[in-house]
Amino acid sequence: MDLFSEIEEPEREELKRLRKELEEANYKYYVLNMPTLSDREFDEKMHRLQALEAQYPDMFDPKSPTQHVGSDLGKKGFEQVKHKYPMLSLANSYSREEIEDWVRKLPSNAEIVCELKYDGLSISLWYENGVLTKALTRGDGQQGDDVIANIKTIPSIPWRIERNDIPAFFELRGEVLLPWERFEALNKEREEQEEPLFANPRNAASGTLKLQDPREVARRGLDAYLYYMLGENLPGTTHYERLETAKRWGFHISDAIKVCKNVDEVMAYIAYWDTERKNLPVATDGIVLKVNNLVQQEELGFTAKTPRWAIAYKFPAEKQLTLLKEITYQVGRTGVVTPVANLEPVQLSGTIVQRATLHNEDFIRSLDIRPGDRVWVEKGGEIIPKITGREKREEELSTLNSPTSINSQLSTFNFTDKCPECGTPLVRIPGEAAWRCPNESGCPPQIKGKIEHFVSRKAMNIDGLGEETIDLLYQKDLLHNIADIYDLKLEDIAAQERLGEKSAQNMLAGIEASKQVPWARVLFALGIRMVGETTAKKIARVYTSIDALQWATAEQLCAIEDVGPQIAENIVAYFNDIRNLEILDRLRKAGLQMALSEEEISNLKSQISNVLQGQSIVISGTFSQHSRDEYKALIEAHGGKNVGSVSKKTSFILAGENMGPEKRKKAEDLGIQLMSEEEFLQMIQ
């Protein structure tokens, strides 16, 4: 190998590595909603990859991340539909100088429409004869998931437009968002349940839109802003005119859109919203610039994955350097010990930040941080402050030219080995990142946390027993576990400061009403590790009483949908603890519902047959007698399984009107039966 080959080889390896990194980052961002790179880090790696691919054209690969957009296609649950027009991403820039250059390269008479870049999930809405018929995610840019049932829960998106001046078909694109207020409320709920918090509203919106339960989607309170119209025979010759038309038709179009005639006006718009966006009710992460004239847009055309007539300017993430004063610890309901950074107060995005989570011991080790360090704190598009790095210490700077000395400078920070609340030695379960306090019945935060979970809205829903009241009653030796709630007396409650007789009466009324809460919610309320609301419902349908569940083995529990080995082991461990059995016995004597009612069992039996047992069924098209969601429920109720795509394993397709042509062709190629609505209903009758 000659000298030049040796120089080239590392760059070729870097090219391969970047492709792999960016594909993984795309998957975690779009599909898992768990981003591992900041927007800027991702874009910098993408630009580097583009430069390397230009340098080595012999390594061209049509599957490279530079040649396609990231995909949010789900593996199941939603029908995948081909976009009428490819749904591309935008070229990004963090430099105002680059934006100025882009504007100056446009035709001299070009107007630029400036819009806020909302930080949510892209959506494509199809309207046929004024009726919303499809709602597609970006997917892979060529096809997307049809999430119309969830989109219909968003009040700002009309289902029907009754006007005489609309075309037979048009498409509106926009962004599905979770407003800051709803985001904070949702994360508060998740924090109370000790579930992972959403990093930002974009992740929360994306995760919400891919839920299978439209009722939960509606509860979370999504919103949407629309920003582009597509189709034939559309009104207007400019992008701005079409947005104004869409606004007249009743669509949610931002009032912050402005037509700019030169680069100075564009820069003024960016400068204004760089500050003012912090007062908006939704998250934004930049500005989008589009050529206004539609003919000029067509002339400028597209690259493989971006339009040449549009670009996005991304606001830089706001970060500050501050002192890490000390690391303290919080104990959660399940005993997880979370380290917290206590910081010298610093202002970020209009708020004073004094604390930030450090997640776990591994996170602290990876950044090698310890009290006394000056650390970088970011907020950017995320409402949750996070530490992203630290400045070099004096000893590191002084030994900069001595690698051996640097490597010997190991972190002196030691994670606590005892519970900060009760002093119990901590344990770390193999495979988990967190240290945990095992003293469930004697550790105050765990005791109070379990009670708070038990009385929460989705569990027993007992009004009047909030966090402060639970703490007060705990301090007064009136509450030590969830069973103590049903031993509370009027005079004991009324005697407490800030309560009184009226509050006591309301609390006792809520406690009495909780005795009618159904078995599935009681199971969730018990607070068994990793048994969430949905999992509890699925378990309760199989094990219809606490007596049946108590004797279930881990192997038997794993046969239930969504119950894995870890959840099964947690359930078995719960019932092997004599203290839990004593609490359950007291709850039973208090009158709680420890089994499904006769009516629930009757309904459960009447809903289930074996007619479709073992069959995988695809639903495609529109129906007259039931909605798609109702047909999905009927399939499951009769033992069948809903699948989103046609394959050799598909038993038959429930085919309605306007069935997707691709599904029809694939069914014909594979010899799969198409069953009409009437035939299906007759089968399950």
Side-chain angles (χ1 to χ4, degrees), residues 181-182 184-186 188-194 215-216 219 221 331-334 421 440-528 531-533 536-537 540 545-546 579-600:
E181 183 179 352
R182 294 301 308 141
E184 292 176 20
L186 180 60
K188 188 171 187 294
E189 286 181 15
R190 295 175 73 85
E191 185 176 23
E192 289 170 355
Q193 303 302 329
E194 292 199 0
R215 291 169 298 182
E216 175 63 14
R219 187 188 73 80
V331 183
R333 170 175 64 86
T334 61
E421 297 287 344
E440 292 185 37
S441 60
C443 183
Q446 293 189 67
I447 294 170
K448 290 183 284 187
K450 290 180 191 300
I451 298 172
E452 288 167 17
H453 170 75
F454 185 82
V455 304
S456 64
R457 183 177 58 81
K458 289 186 176 182
M460 305 305 287
N461 193 25
I462 301 176
D463 287 334
L465 269 173
E467 183 179 342
E468 291 184 5
T469 302
I470 289 170
D471 182 59
L472 175 64
L473 297 177
Y474 173 80
Q475 299 297 337
K476 298 295 183 180
D477 285 335
L478 294 172
L479 281 184
H480 286 96
N481 58 56
I482 56 177
D484 288 343
I485 293 171
Y486 296 91
D487 291 336
L488 290 172
K489 294 180 173 53
L490 179 69
E491 57 271 22
D492 291 334
I493 302 170
Q496 305 308 317
E497 186 181 358
R498 304 190 313 275
L499 292 178
E501 189 167 332
K502 182 64 175 176
S503 296
Q505 290 173 345
N506 291 338
M507 188 186 301
L508 291 175
I511 292 170
E512 188 63 30
S514 73
K515 296 176 183 179
Q516 303 307 314
V517 166
W519 158 231
R521 280 174 53 193
V522 173
L523 175 57
F524 170 60
L526 295 178
I528 301 173
V531 177
E533 182 186 12
K537 288 178 182 177
S545 70
I546 192 101
R579 294 167 297 187
N580 292 332
L581 297 180
E582 290 171 353
I583 289 172
L584 290 173
D585 185 55
R586 291 174 61 194
L587 293 176
R588 188 197 302 270
K589 290 175 180 177
L592 272 67
Q593 303 297 313
M594 294 296 192
L596 292 182
S597 66
E598 290 183 9
E599 181 181 358
E600 286 175 314

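Only this structure's heavy atoms are used, side chains among them; waters, hydrogens and symmetry mates stay out.
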Tell me if a side-chain donor or acceptor on [X] pairs with a main-chain N or O of [Y] at a distance below 3.5 Å.
X	Y	value
H453	F524	yes
R182	R219	yes
D585	R588	no
Q446	G332	no
D487	D484	no

Starting at [atom1] of [X], measure out to [atom2] of [Y] and round the result to the nearest 0.5 Å.
X	Y	atom1	atom2	result
S441	I447	OG	CD1	6.5 Å
D463	S503	CG	OG	11.5 Å
F454	M460	CZ	CE	4.0 Å
T334	K450	OG1	NZ	7.0 Å
L472	K448	CG	NZ	10.5 Å

If you count every heavy atom of other residues, nucleotides or ligands that lies below 6.0 Å from [X] atom [atom1], does the total exceed 12?
X	atom1	result
E216	CD	yes
Q505	CD	yes
R498	CZ	yes
E497	CD	no
K476	NZ	no

Fill in: Identified side-chain contact (heavy atoms from CB on, under 4.5 Å) partner of I470 from the options I485, L465, L478
L465
Worksheet item: With respect to L526, which candidate in N580, V531, I482 satisfies the side-chain contact (heavy atoms from CB on, under 4.5 Å) definition?
Response: I482
Worksheet entry | Criterion side chain to side chain contact (heavy atoms under 4.5 Å, CB included) on I451 and L473, from CA distance to verdict | CA-CA 11 Å; I451 298 172; L473 297 177; over 6 Å; no
Fill in: From CA spacing to verdict: side chain to side chain contact (heavy atoms under 4.5 Å, CB included), Y486, K515
CA-CA 10 Å; Y486 296 91; K515 296 176 183 179; 3.9 Å; yes
Worksheet item: Could you walk me through whether R521 and N461 pass the side chain to side chain contact (heavy atoms under 4.5 Å, CB included) check?
Response: CA-CA 10 Å; R521 280 174 53 193; N461 193 25; 3.6 Å; yes
Discussion item. Is there a side-chain contact between L479 and L488 in this structure, where contact means two heavy atoms from C-beta onward sitting under 4.5 Å apart?
Written reply: yes
